[in-house]
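Notes follow the structure.
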Amino acid sequence: MAVYTDVTEPQLAEFLDRYDLGSLSSYKGIAEGVENSNFLLRTTGGTYILTLYEKRVNRGDLPFFVGLMEHLAGRGLSCPLPVHDRDGNALGELSGRPAAIFTFLDGMWTRRPSPEHCRAVGVALARMHESARDFPLTRPNGLAPPDWRPLYESCAGRADEVEPGLSAEIEAELADFEANWPGHLPKGVIHADLFPDNVFFLAGELSGLIDFYFACNDLLAYDLAITLSAWCFEQDGSYNVTKGRALIAGYASVRPLDEAEYENLPMLCRGAAMRFMLTRLYDWLNVPDDSFVTKKDPREYLKKLRFHRGVREASEYGLEKAAVTKGMA
Ligand SMILES: Nc1ncnc2c1ncn2[C@@H]1O[C@H](COP(=O)(O)OP(=O)(O)OP(=O)(O)O)[C@@H](O)[C@H]1O
Ligand SMILES: N[C@@H](CCO)C(=O)O
């Protein structure tokens with residue numbers, strides 16, 4: 001459960017005094033999420049989310065994350081809008097942690113994505129990319145290809161504990177990424193973690209995106225690759241081409257890919273699988289079993305990595321180049 005920092009009622013009431021949100025009615029910790037402490041906050045003015053930023057989030061990055069949500073919401077994208085206090089600040093301090101209040105988004109994330117969900121997510125991702133074009137702040141990706149080798153090395157040669165031969169497999173992949181990563185593709189602000197638990201649906205319609213705490217500047221098509229890898233595989237590890245086609249078509253209907261982006265999809269998807277396999281591997285080997293954090297299985301992403309390695313052409317993800325690059329899909 002992700003409530004690392006306790007907040008007492010007097011502390012919260014004092015914090016709320018600085019806002020025009022009415023007085024405190026109730027609050028309770030939210031179990032989901034692993035990075036920060038989140039509370040469902042009810043005041044006489046409405047329902048909100050209170051987030052306390054924990055140690056793994058760099059304080060210097062907070063203006064980027066909070067500013068991005070404000071920018072996107074201002075462009076009509078449905079995402080949490082930071083609430084400002086009477087002095088105009090979106091970020092404050094509560095229980096010794098940086099803290100912010102956000103508008104509450106209705107909806108729930110889906111455990112069983114359908115092709116329709118996938119299409120809607122593709123559309124929303126492309127809208128996010130387009131809406132962030134004129135966002136003035138920048139943040140480098142802390143989990144970009146050059147960061148993967150140090151992350152792997154911090155696992156101190158223990159990858160074979162997860163599966164014999166995994167160290168050699170990762171080494172070979174890293175060498176390939178270091179030599180062939182298509183770093184020249186179009187860049188912009190990416191979400192970088194648009195998994196099903198970060199997308200809400202209400203009555204079958206996409207109602208919002210949350211959790212922008214990995215957002216950064218990187219390759220736009222890499223974000224598509226992350227999202228495709230998170231949404232379009234079944235429990236048994238097989239790729240669902242109908243979902244893949246829907247997601248890519250949804251994306252391209254708003255932002256058509258250029259030819260180089262399309263052709264590099266297999267490499268970008270392999271990279272996406274490597275990034276999530278490595279962070280999961282790190283947690284698997286280093287986070288104590290009795291901690292709050294639910295460790296996610298790196299082998300799920302190892303399977304995806306192997307699938308993507310076997311993809312010879314981007315069309316195997318479900319759409320021909322002409323459909324995707326012209327935005328006619
Ligand atoms: N604006 C919002 N409206 C409604 N619910 C929200 C909102 N923001 C967060 N939540 C709820 O809080 C939970 C945790 O939020 P979030 O995923 O941002 O936390 P986190 O600790 O940063 O997570 P993660 O470990 O996924 O990075 C979500 O699953 C959702 O239930
Ligand atoms: N989405 C990540 C975890 C949190 O960001 C994963 O599934 O590994």
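All heavy atoms count here, side chains included; hydrogens, waters and symmetry mates do not. Bear in mind that the values here come from a model prediction, so they are computed numbers and not experimental data. As the structure lists them, so they are numbered: ligands from 1, and atoms in each ligand from 1.
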Kindly print each ligand 2 N/O atom paired with any protein N/O atom under 3.5 angstrom away, one pair per line, or none if nothing qualifies.
unit_1	atom_1	unit_2	atom_2	d
ligand 2	1 (N)	Asp193	OD1	2.7
ligand 2	5 (O)	Asp193	OD1	3.4
ligand 2	5 (O)	Asp193	OD2	2.7
ligand 2	7 (O)	Arg280	NH2	2.7
ligand 2	7 (O)	Lys296	NZ	3.3
ligand 2	8 (O)	Arg280	NE	2.9

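Aromatic rings of Phe195 and Phe276 (six-membered ring for Trp) have centroids within the 6.0 Å cut-off, being under it. A ring-centre distance under 6.0 Å is not found for Phe104 and Tyr48. Aromatic ring centroids of His191 and Phe214 lie 6.0 Å or more apart. A ring-centre distance under 6.0 Å is not found for His71 and Phe64.
Residue Leu105 has at least one nitrogen or oxygen atom sitting less than 3.5 Å from a nitrogen or oxygen atom of ligand 1, judged on distance alone. Residue contacts with ligand 1: Asp197 is placed with no nitrogen or oxygen under 3.5 Å of a nitrogen or oxygen of the ligand (distance criterion only). Every N/O-N/O distance between Tyr213 and ligand 1 stays at or above 3.5 Å.
By the criterion of a heavy-atom distance under 4.0 Å, neither the backbone nor the side chain of Trp109 is placed next to ligand 1. Looking at Ile30 against ligand 1, only its side chain comes within 4.0 Å, counting heavy atoms. Looking at Asn38 against ligand 1, only its side chain comes within 4.0 Å, counting heavy atoms. Only the side chain of Ile210 comes within 4.0 Å of ligand 1, counting heavy atoms alone; its backbone N, CA, C and O stay farther away.
Assignment of Tyr48 to the shell around ligand 1 is not supported, since no heavy atom sits closer than 4.0 Å. Using a non-hydrogen distance threshold of 4.0 Å, Thr103 registers as a contact of ligand 1. Residue contact annotation: Val57 has no non-hydrogen atom under 4.0 Å from ligand 1.
A cation-pi arrangement is not found for Lys304 relative to Phe307, the charged atom failing to lie both closer than 6.0 Å to the ring centre and inside a 45° cone about the ring normal.
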### Task
Give the intermediate values and the outcome of side-chain contact (heavy atoms from CB on, under 4.5 Å) for residues Ser25 and Thr44.
CA-CA 6 Å; Ser25 305; Thr44 48; 4.1 Å; yes
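Of the candidates Phe212, Phe214, Phe200, Phe200 brings a heavy atom nearest to atom 30 (C) of ligand 1.
A side-chain donor from one of Asp160 and Ser167 sits under 3.5 Å from a side-chain acceptor of the other.
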